[in-house]
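To start, the structure itself, in structure tokens.
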Protein chains: 2
Amino acid sequence: MEKIISEAAEKLKALDFKLTARREMTLRVLLENRDKHLSAEEVYNLVKLEAADVGLATVYRALELFQELGLIRAIDFGDGRKRYEYGIEDDSDLHHHHLICTKCGRIIEFNVDLINEIESRIKREHNFTMTSHQLKIFGICSECSGK
Amino acid sequence: MEKIISEAAEKLKALDFKLTARREMTLRVLLENRDKHLSAEEVYNLVKLEAADVGLATVYRALELFQELGLIRAIDFGDGRKRYEYGIEDDSDLHHHHLICTKCGRIIEFNVDLINEIESRIKREHNFTMTSHQLKIFGICSECSGK
DNA sequence: TTGGATGCAAAGCCTTTGCATACCT
DNA sequence: AGGTATGCAAAGGCTTTGCATCCAA
């Protein structure tokens with residue numbers, strides 16, 4: 001994790017941004033909750049545990065910055081707010097998707113490589129150059145189907 | 001299209017809703033703009049052309065109703081508002097996805113059947129029963145890549 | 001000291017809701 | 001008549017912005 005933080009610091013510095021204490025806390029919260037898909041306010045509440053006087057706007061601004069730098073991703077699960085997850089668009093992460101339970105809202109991580117075959121097709125048929133993709137699968141999770 | 005309208009009317013009536021003039025206009029706007037992914041406000045403006053005194057709330061309420069009945073779908077392309085498209089979840093529609101140009105925002109319809117193989121896998125690995133899915137592919141469209 | 005970073009409060013946007021009125025059966 | 005549908009305005013919820021202050025290089 002320290003490696004990720006210092007790499008982030010370099011990435012920011014390269015663009016004349018600073019990895020300030022507040023920004024680092026924000027990033028750490030996301031790293032420590034990789035599978036939780038926190039909303040901005042949830043991130044804010046966790047950052048506040050270590051920096052009680054942090055402002056909500058600061059967290060929003062940090063999240064936007066990280067997103068622009070490609071350190072984190074915003075996802076919309078349809079509940080009216082953005083949710084964030086750490087994730088660089090590298091190979092290991094390319095096939096990371098989500099199962100969304102429409103009954104309880106649970107989000108389950110899921111990996112599948114479905115894109116290789118598609119990428120060449122959309123290039124050929126639409127001359128569209130894919131940079132990233134999102135697959136969301138809606139349905140009923142095992143907990144809810146038992147009830 | 002008239003067939004779709006009358007089927008919608010029946011579907012509503014079965015649940016004690018009425019396909020009023022306003023609701024029908026709203027549905028027609030969506031049918032006539034199937035590939036446009038209109039926002040609520042855009043739908044509202046189009047409905048207003050025929051019913052100048054329609055209220056925005058009425059359109060919102062109609063959209064919500066149609067969505068609950070499964071006549072239309074709401075999609076989020078990341079621009080801060082919901083967009084709507086007509087589409088029953090039938091077989092012909094199951095493989096309908098979107099290419100989203102991150103430069104100009106253009107949305108391109110795209111069909112691919114990637115789900116059959118996946119469905120059994122998520123059932124086996126996660127005991128998750130899929131009901132629907134969304135695939136969004138981000139990248140650069142042919143218009144923008146030329147520039 | 002100088003420009004970015006931050007906190008606070010206000011403003012913005014999209015969407016939903018309350019309520020009185022209008023409509024249809 | 002009775003309940004649904006509607007318009008209008010207000011309220012809500014999430015996010016962004018303005019501005020004065022703070023901070024670090």
Side-chain angles (χ1 to χ4, degrees), chain A residues 8-29 37-69 71-84 105, chain B residues 8-29 37-69 71-84 105:
Chain A
E10 281 175 35
K11 212 163 182 176
L12 268 75
K13 202 192 288 183
L15 293 159
D16 283 317
F17 295 109
K18 301 164 202 162
L19 187 61
T20 60
R22 256 100 237 249
R23 286 178 179 159
E24 186 179 326
M25 283 179 217
T26 303
L27 188 53
R28 275 182 198 280
V29 163
H37 309 99
L38 303 173
S39 68
E41 188 154 12
E42 287 165 344
V43 173
Y44 167 64
N45 286 326
L46 290 172
V47 172
K48 246 194 336 194
L49 296 180
E50 300 188 37
D53 63 334
V54 71
L56 179 56
T58 301
V59 171
Y60 270 101
R61 284 187 277 236
L63 291 171
E64 201 206 335
L65 179 61
F66 293 150
Q67 208 190 326
E68 276 169 14
L69 297 185
L71 294 171
I72 66 174
R73 272 191 297 265
I75 328 175
D76 180 347
F77 293 120
D79 62 347
R81 74 209 64 188
K82 287 183 198 151
R83 296 185 169 275
Y84 298 88
Chain B
E10 281 175 36
K11 212 162 180 175
L12 268 75
K13 202 191 288 183
L15 292 159
D16 282 317
F17 295 110
K18 301 164 202 163
L19 187 61
T20 61
R22 257 98 236 251
R23 285 178 179 160
E24 187 180 325
M25 284 179 216
T26 302
L27 188 54
R28 274 182 199 280
V29 163
H37 309 99
L38 303 174
S39 68
E41 188 154 12
E42 287 165 344
V43 173
Y44 167 65
N45 286 327
L46 291 172
V47 172
K48 246 194 335 193
L49 297 180
E50 300 188 36
D53 64 333
V54 70
L56 179 56
T58 300
V59 172
Y60 270 101
R61 283 187 276 235
L63 292 171
E64 201 206 335
L65 179 62
F66 293 149
Q67 208 189 325
E68 276 171 12
L69 297 185
L71 294 171
I72 66 174
R73 270 192 298 265
I75 327 175
D76 179 349
F77 292 120
D79 62 348
R81 74 210 64 192
K82 286 182 197 154
R83 296 185 168 277
Y84 298 88

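Computed over heavy atoms, backbone and side chain alike; hydrogens, waters and symmetry mates excluded. In the text below, chain A, chain B and the rest are named by the order of the sequence lines, each starting its count at 1.
Checking dG7(C), dT4(D), dG7(D) against every side-chain atom of K18(B), the shortest atom distance belongs to dT4(D). Nearest nucleotide to the Y60(B) side chain, out of dT15(C), dT15(D), dT6(D): dT15(C). For A57(A), the listed nucleotide lying nearest its side chain is dT17(D); candidates were dG7(C), dT6(D), dT17(D). Picking from dC14(C), dT6(C), dC14(D) the nucleotide with the shortest atom distance to the side chain of R22(A) gives dT6(C). Closest approach to the R23(B) side chain among dA5(D), dG7(D), dG7(C) is made by dA5(D) (side chain taken as heavy atoms from C-beta onward). Taking only side-chain atoms of T20(A), from C-beta outward, the nucleotide of dT16(C), dA5(C), dT15(D) with the closest atom is dA5(C).
Distances shown here put every side-chain N or O of T58(A) at or beyond 4.0 Å from the OP1 or OP2 atom of dA5(C).
Whole-Å rounding puts the D53(A) CG to dC22(D) C1' distance at 12 Å. Look at CD on E41(B): it is 16 Å from P on dG12(C), rounded to the nearest Å. Summarising the geometry, the separation between NZ on K82(B) and P on dT15(C) is reported as 6 Å, rounded to the nearest angstrom. For the pair E24(B) CD and dT4(D) P, the computed distance is 21 Å after rounding to whole Å. In this structure, CG of L15(B) is placed 13 Å from P of dT4(D), rounded to the nearest angstrom. In this entry the distance linking NZ of K13(B) with P of dA5(D) reads 14 Å, nearest Å. Counting to the nearest Å, the P atom of dA24(D) and the CZ atom of F17(A) are 19 Å from each other. Spacing between atom CG of L56(B) and atom C1' of dA9(D) amounts to 12 Å, rounded to whole angstrom units.
Nearest heavy-atom pair across H37(A) and I75(A) is CD2-CD1, 4.0 Å. Considering every non-hydrogen atom in both L38(B) and V29(B), the closest pair reads CD1-CG1, 3.8 Å. Minimum interatomic distance between G55(B) and Y44(B) (heavy atoms only, all atoms of both residues): C-CE1, 3.7 Å. Closest approach of R83(B) to S39(B), counting heavy atoms only: NH1-N, 3.5 Å.
Residue-to-nucleotide contacts include a donor-acceptor pair under 3.5 Å from the side chain of R61(A) to the base of dG7(C).
Residue order along DNA chain C, read from the 5' end via each residue's closest nucleotide, puts L65(A) first among L65(A) and Y44(A).
No option in L27(A), L69(A), T20(A) other than L69(A) meets the side chain to side chain contact (heavy atoms under 4.5 Å, CB included) test with L12(A).
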